[in-house]
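First comes the structure, then the notes that go with it.
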Amino acid sequence: MGTASGAVALLLVVLGASVASSSGQLQVGFYSKSCPSAESTVASVVRGTAAADSTILPALLRLQFHDCFVRGCDASVLIKGGSNNAEVDNNKHQGLRGMDVIENAKAQLESECPGVVSCADIVVLAARDAVAFTGGPSFDVPTGRRDGKVSNVRDGDVLPDVRDSAQVLRSKFRASGLDDKDLVLLSSAHTVGTTACFFIQDRLYKFPLPGGGLGSDPSIPDGFLSELKSRCAPGDSNSRVSLDRGSERVFDTSILRNIRNGFAVIASDAALYNDTSTVDVVDSYSGLLSTIFGPYFRQDFADSMVKMGSIGVLTGASGEVRKVCSKFN
């Protein structure tokens, strides 16, 4: 999902609470009359920010993951608490970026259409645009979300961990109405961006070995292990490594081929090739003929993004439309 600290850390993962996946009253073009410039304004802000710092694109993709998988897509992750008690203060949101981009877009929209466009919708639109600006698919997303009125630090505990097994990841996705196919596709967001060495230290140096003791994950090929260790020395938490070896700036299926061939960087990506339910999905998209005969990765990825963007949404009279994304009205 950008980076593990920067895409996804994974991208990836989920509501332990029973937040239903429902589009409710969402619709494509929701703001076509109330704020016709809404989507173009968000795209313009994202494009302008990326021109100065292209790493913001995977960060915005990760931001949507982290918002939608905790309490649903309600912009709760944007709230800033005064006593480290807001959702964003949870350690599982470590390294989360892009909130300033959302605020910039919100400020412009407030000047154009006061009190109309929700922060929750801006998060989803910005992630959609980030995908397109990295060479990924362009697609419509339904809008009409409202902003939540709750943000608690412990709510973030339900997010996935890079050490989660495929079984745990599958369970967390199912809790949000997402299936094994969605798990693989949304994890594929790691095709762009980097991760901090913090997220792979345990895999490189503190992995529990079958015979006892700690060492390196034995599933990592020797050459790749040396490569990762050369970039992430023991105790180095801040250096960054590409999540998609050899293709970190381009949206493509290289990440799935890397997972299949043993070159996954974070453990949760590697886990996708250790479970029969997800192995078949990875293989289906990483074959050379899939671009001709299907399944079609770009379209299916877009579909999963839309599906994720419908988790636990507030619509109608529920929630509010914040004036400033970082605080409740």
Side-chain angles (χ1 to χ4, degrees), residues 1-15 58 61-62 64-66 68-69 92 131 136 158-195 199-200 202-204 207-208 216-221 224-225 228 241-248 251-288 290 294-298 300-305 307-308:
M1 268 169 162
T3 57
S5 74
V8 19
L10 186 30
L11 246 266
L12 274 163
V13 179
V14 189
L15 286 168
L61 187 51
R62 183 186 182 220
Q64 184 188 339
F65 291 157
H66 281 243
C68 292
F69 287 139
K92 289 197 173 183
V131 170
V158 301
L159 281 164
D161 192 281
V162 292
R163 292 164 293 191
D164 283 345
S165 66
Q167 291 85 353
V168 171
L169 292 173
R170 292 175 62 209
S171 176
K172 289 179 175 180
F173 268 76
R174 282 196 302 271
S176 291
L178 302 173
D179 58 24
D180 295 340
K181 182 178 177 180
D182 297 315
L183 167 58
V184 171
L185 287 165
L186 294 174
S187 297
S188 299
H190 293 159
T191 182
V192 289
T194 61
T195 182
F199 291 99
I200 60 175
D202 285 355
R203 195 176 185 216
L204 297 181
F207 191 88
S216 301
D217 182 347
S219 71
I220 305 175
F224 188 43
L225 178 61
L228 291 175
V241 180
S242 167
L243 281 163
D244 188 7
R245 185 175 184 252
S247 184
E248 70 175 82
F251 189 99
D252 56 21
T253 56
S254 172
I255 182 67
L256 295 175
R257 291 191 294 274
N258 276 332
I259 290 173
R260 182 182 62 183
N261 296 329
F263 298 120
V265 174
I266 57 175
S268 54
D269 279 354
L272 299 179
Y273 217 66
N274 292 328
D275 186 286
T276 55
S277 298
T278 48
V279 163
D280 290 343
V281 183
V282 172
D283 285 343
S284 72
Y285 290 107
S286 51
L288 294 177
S290 66
Y296 300 104
F297 173 72
R298 293 169 68 87
D300 289 352
F301 178 84
D303 291 345
S304 285
M305 285 290 291
K307 189 174 177 182
M308 178 181 67

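Keep in mind that what you see is a predicted model, and the values were worked out from it rather than measured.
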Side chains of Pro218 and Phe207: does their closest heavy-atom pair fall under 4.5 Å? yes
Exactly one of Leu185, Asp300, Leu61 clears side-chain contact (heavy atoms from CB on, under 4.5 Å) with Met305, and that residue is Leu61
Shortest non-hydrogen pair, Ala264 vs Ala270, comes out as CB-N, 3.5 Å
task = Indicate yes or no for a side-chain donor-acceptor contact from Ser165 to the backbone of Val168 under 3.5 Å, with no hydrogens or angles considered.
result = yes
Would you say Ile266 and Arg203 make side-chain contact, with heavy atoms under 4.5 Å? no
Applying side chain to side chain donor-acceptor pair (under 3.5 Å) to Asp252 and not counting sequence neighbours gives Thr191, Ser247
Here the pair of heavy atoms bringing Lys92 nearest to His66 is O-CE1, 3.2 Å
Asn258 side-chain N/O to Arg245 backbone N/O, donor-acceptor pair under 3.5 Å: yes
- Query: Are the side chain of Thr195 and the backbone of Leu243 linked by a donor-acceptor contact shorter than 3.5 Å?
  - Reply: no
- Query: Does one side chain, of Ser219 or Asp217, offer a donor that lies under 3.5 Å from an acceptor on the other?
  - Reply: yes
With sequence neighbours left out, the residues meeting side-chain contact (heavy atoms from CB on, under 4.5 Å) with Asn274 are none
**Study point:** Audit row: Phe173, Phe69, ring-ring contact (aromatic ring centres under 6.0 Å, His included) steps and yes/no
**Key:** CA-CA 9 Å; Phe173 268 76; Phe69 287 139; 5.5 Å; yes
When Asp164, Asp179, Thr278, Asp180 are each screened for side chain to side chain donor-acceptor pair (under 3.5 Å) with Arg170, the one that passes is Asp180
Pair Leu256, Phe297 - check side chain to side chain contact (heavy atoms under 4.5 Å, CB included), show working. CA-CA 10 Å; Leu256 295 175; Phe297 173 72; 4.1 Å; yes
- Task: Might you work through the side chain to side chain contact (heavy atoms under 4.5 Å, CB included) test for Ser268 and Asp161, ending with a clear yes or no?
- Result: CA-CA 8 Å; Ser268 54; Asp161 192 281; over 6 Å; no
Output for pair (Leu186 CG, Ser304 OG), nearest 0.5 Å, gives 5.0 Å
Here the pair of heavy atoms bringing His190 nearest to Asp244 is O-CB, 3.5 Å
Query raised in the report: Is a side-chain donor or acceptor of Ser188 paired with a backbone partner of Val184 at a separation under 3.5 angstrom?
Result: yes
* Would the Tyr273 and Phe263 ring centres measure less than 6.0 Å apart? -> no
Please report the C-alpha distance between Val265 and Phe199 in whole Å, then the side-chain angles of each, then the deciding distance to 0.1 Å, and finally whether the side chain to side chain contact (heavy atoms under 4.5 Å, CB included) criterion is met.
CA-CA 9 Å; Val265 174; Phe199 291 99; over 6 Å; no
So salt bridge (Lys or Arg N to Asp or Glu O under 4.0 Å) across residues 254-268, not counting sequence neighbours, yields none
Here the gap from Asn261 atom CG to Ser254 atom OG, rounded to the nearest 0.5 Å, amounts to 9.5 Å
Assess the pair Tyr296 and Tyr285: is the distance between their ring centroids shorter than 6.0 Å?
no
Between Gly262 and Pro221, the two heavy atoms sitting closest are O-CD, 3.1 Å
Minimal heavy-atom distance between Ser187 and Asp269, with the atoms involved, is CB-OD1, 4.1 Å
Looking only at heavy atoms, the pair that brings Ala271 and Ala166 closest together is O-CB, 3.4 Å
Per side-chain contact (heavy atoms from CB on, under 4.5 Å), Leu272 is matched among Val281, Val279, Ile259 by Ile259
Is there side-chain contact between Leu178 and Lys307, with at least one heavy-atom pair below 4.5 Å?
yes
